[in-house]
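Beneath this line is the structure, given in structure tokens, with notes to follow.
All values reported here derive from a predicted model rather than from experimental measurement.
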Amino acid sequence: MTQWERLQQLDTVYSQRAFDLYNRDEFPMEVRHYLAHWIEGQDWERASRDSSQAAFLFQVLLENLDNQFSRFAQEKDSFLLQRNFRRYKQNFQVSVLLLPKLSLYTCLCVCVCLFVCLFKNIIHCFIWQVMEHSIRCLEEQQDEFDFKYQTHLMDCENFLSDISAMLDAADVLRSALIDEELVDWKRRQQKSCIGAPDDTSLEHLEKWFTQIIECMFQLQKFLQKLDELVGKMTYDNDPILVRKPPLKSRVDTLLTHLIKSSFVVETQPSMPQGRGPLVLRTNVQFSVKVRSDSNIIQRITPPMKLFRKFNVLGTLSKALNMAESMNGGMVADFRHLTLKDQKVGGGGKGINDLSLSVTEELHRITFQTQFDYQGLSVPLETSSLPVVVVSNSSQQQSAWASVLWFNMLCSDPKNVKFFETSPAATWPQFGEMLSWQFLSCGKRGLDSDQLETLAIKLFGKQQSYDSCKISWTKFSKENLPDTNFTLWVWLDGILTLVKLYLSDLWSDGSIMGFVSKGKERLLLKKKQNGTFLLRFSESIKDGGITFSWVLENRVWMTIYVKKQKKQTYFFNLTQLKIMFL
């Protein structure tokens, strides 16, 4: 850009001072404008001292005026400029005739030099003006930068604080979900395995786990975006550099805890025709279902952690999927697994090093997999509730007693040595567990009178039975007084009787069940003929029912045992009840 062009960009005050220099005829403004490139390219200061150089420049000036005149002659709209440039040339030439040549040349050069110097001064003023404008702009930019910088810092701090607050809330939810809700669900599942009518649905847990985990992965994306911002630009005391790493660590920790906890055994191991869940038999197929409440898809493998050595046969690796789920969620359903005794040592079977019977040995099936997503890798592991493994059907009764006792008293599924020092059960615990068994077999639990009859049988007449306790040995190993069978054998025989033959009579309340002989006679005494009641026999090992009725003012009794019972017979018994009523 020429100085002349820069002059035109000056403020009005400065540009007017420059234009005033060219209002005289000595050096017209039009000549300065159209010959700006040539004029600014010459050394006029030297020409003012060197006459030969001055004469040369004067001749070149005249030639440039002629050339410019010729250009105007070719333009239709430049008539006035054409006439003016002819006059300017003539004026320069007349000035030469009036003054000595050398003095004119020198005067002209000095004039041009003065004009140029003055112009340079004006340009310098312009430069100062530009610099003043620049410093004002810098000041404004500094203020704007400071404002944006402070705003940026505040926004960063607020954003990071929002993430921290969300993590605080998520941690509270995690604690409530894992430490409370999930623990309650696992305990409900334990109790449901032994007949408790508890809700074991995972629908709500799956929804909560999935939503919190999705939220954590979204926070992880936000933190990754902050990494990108730092990669583009950072500065001293950048809050992102200071606060992001601990936030990322918190996100990863929360995700790890949530994902690990969401991997559970939904359906505990059971055989199709078994005594109940958690009782397995070697060489007989069983099924088990695992589930992830966070909707992850991985392959899982079930190794076993056992006292004795077993080979697990069947499909041992499966993918979590939704196809095998009845109500949504990612599940892996192992339907055809089998346990086989593993030969050890000199060809014998595995030996339990503890002084426990086979039906007191507890084993766990552990499922393992790996979770990999968005750079997060988490090893997952979950285990079934302890199972009892037997080798023949005659052991199932004792095995089911072990399952009942463990799940009634122990909430730690890892405690496979539970029966080394098995605790006693309080009567409220024991009575509730027994009621669940009758509810499972006959759709009706035990009422308070029936429970009191059993409590009197076990502890004698008491003011309160809440502090009374029954040991594992008394439940499953010691014979009842004046019998050759244990309390559990007697109760299990009655449960089998109800399940196979008396389910309808028990569920509708026709069977009084547990009533002592003395109370039975007291109830029937002075009743009219035809009044009767049904109670469970106390002297029959495999389950018997006593039919007592009033006839001719006397109480008559008949005991029926399983060997004599057929389905048609109890149909007639039902008709008898209707007839007497």
Side-chain angles (χ1 to χ4, degrees), residues 1-139 141:
M1 180 184 293
T2 63
Q3 292 180 351
W4 183 256
E5 291 171 338
R6 294 172 65 185
L7 173 65
Q8 298 174 47
Q9 297 180 357
L10 291 174
D11 289 343
T12 304
V13 176
Y14 296 103
S15 62
Q16 187 61 43
R17 290 174 56 188
F19 293 151
D20 290 343
L21 296 173
Y22 299 100
N23 284 337
R24 299 183 295 274
D25 291 336
E26 289 84 355
F27 202 78
M29 185 181 294
E30 288 86 348
V31 175
R32 179 68 180 87
H33 178 74
Y34 286 101
L35 300 183
H37 286 280
W38 178 77
I39 291 173
E40 294 177 20
Q42 311 308 314
D43 189 355
W44 298 101
E45 188 176 354
R46 176 189 167 194
S48 66
R49 298 190 304 269
D50 187 347
S51 58
S52 61
Q53 180 67 17
F56 173 74
L57 289 179
F58 182 74
Q59 292 300 323
V60 176
L61 175 61
L62 294 178
E63 292 178 2
N64 282 327
L65 290 172
D66 287 337
N67 293 335
Q68 190 63 40
F69 174 81
S70 299
R71 282 194 289 272
F72 289 147
Q74 297 176 4
E75 298 176 2
K76 295 180 180 180
D77 298 333
S78 303
F79 176 74
L80 294 177
L81 289 171
Q82 180 182 355
R83 291 181 60 83
N84 287 342
F85 266 73
R86 178 183 293 174
R87 181 168 57 84
Y88 296 151
K89 180 181 179 182
Q90 290 173 353
N91 289 343
F92 284 139
Q93 289 173 335
V94 169
S95 297
V96 171
L97 296 176
L98 295 177
L99 295 173
K101 290 184 178 182
L102 293 179
S103 62
L104 176 63
Y105 298 154
T106 302
C107 181
L108 178 63
C109 291
V110 170
C111 182
V112 173
C113 182
L114 288 174
F115 278 122
V116 172
C117 289
L118 288 171
F119 184 74
K120 286 183 178 179
N121 289 333
I122 294 173
I123 293 300
H124 288 159
C125 291
F126 169 72
I127 292 173
W128 285 114
Q129 180 192 16
V130 170
M131 292 182 69
E132 289 178 357
H133 176 72
S134 296
I135 196 67
R136 287 196 301 271
C137 290
L138 287 175
E139 185 178 6
Q141 290 173 0

#### Entry: Residue pair Leu61 / Leu35, side-chain heavy-atom distance below 4.5 Å
yes
### Task
With the side chain counted from C-beta on, respond yes when Asn64 and Tyr34 share a heavy-atom pair under 4.5 Å apart, and no when they do not.
no
### Message
Which residues pass the side chain to side chain contact (heavy atoms under 4.5 Å, CB included) test with Asp66, not counting sequence neighbours?
### Response
Lys89
### Query
Which distance, rounded to the nearest 0.5 Å, do you find between the CZ of Phe56 and the CD of Gln42?
8.0 Å
### Message
Let me confirm one number: the CD-OG distance from Glu139 to Ser134, rounded to the nearest 0.5 Å.
### Response
12.5 Å
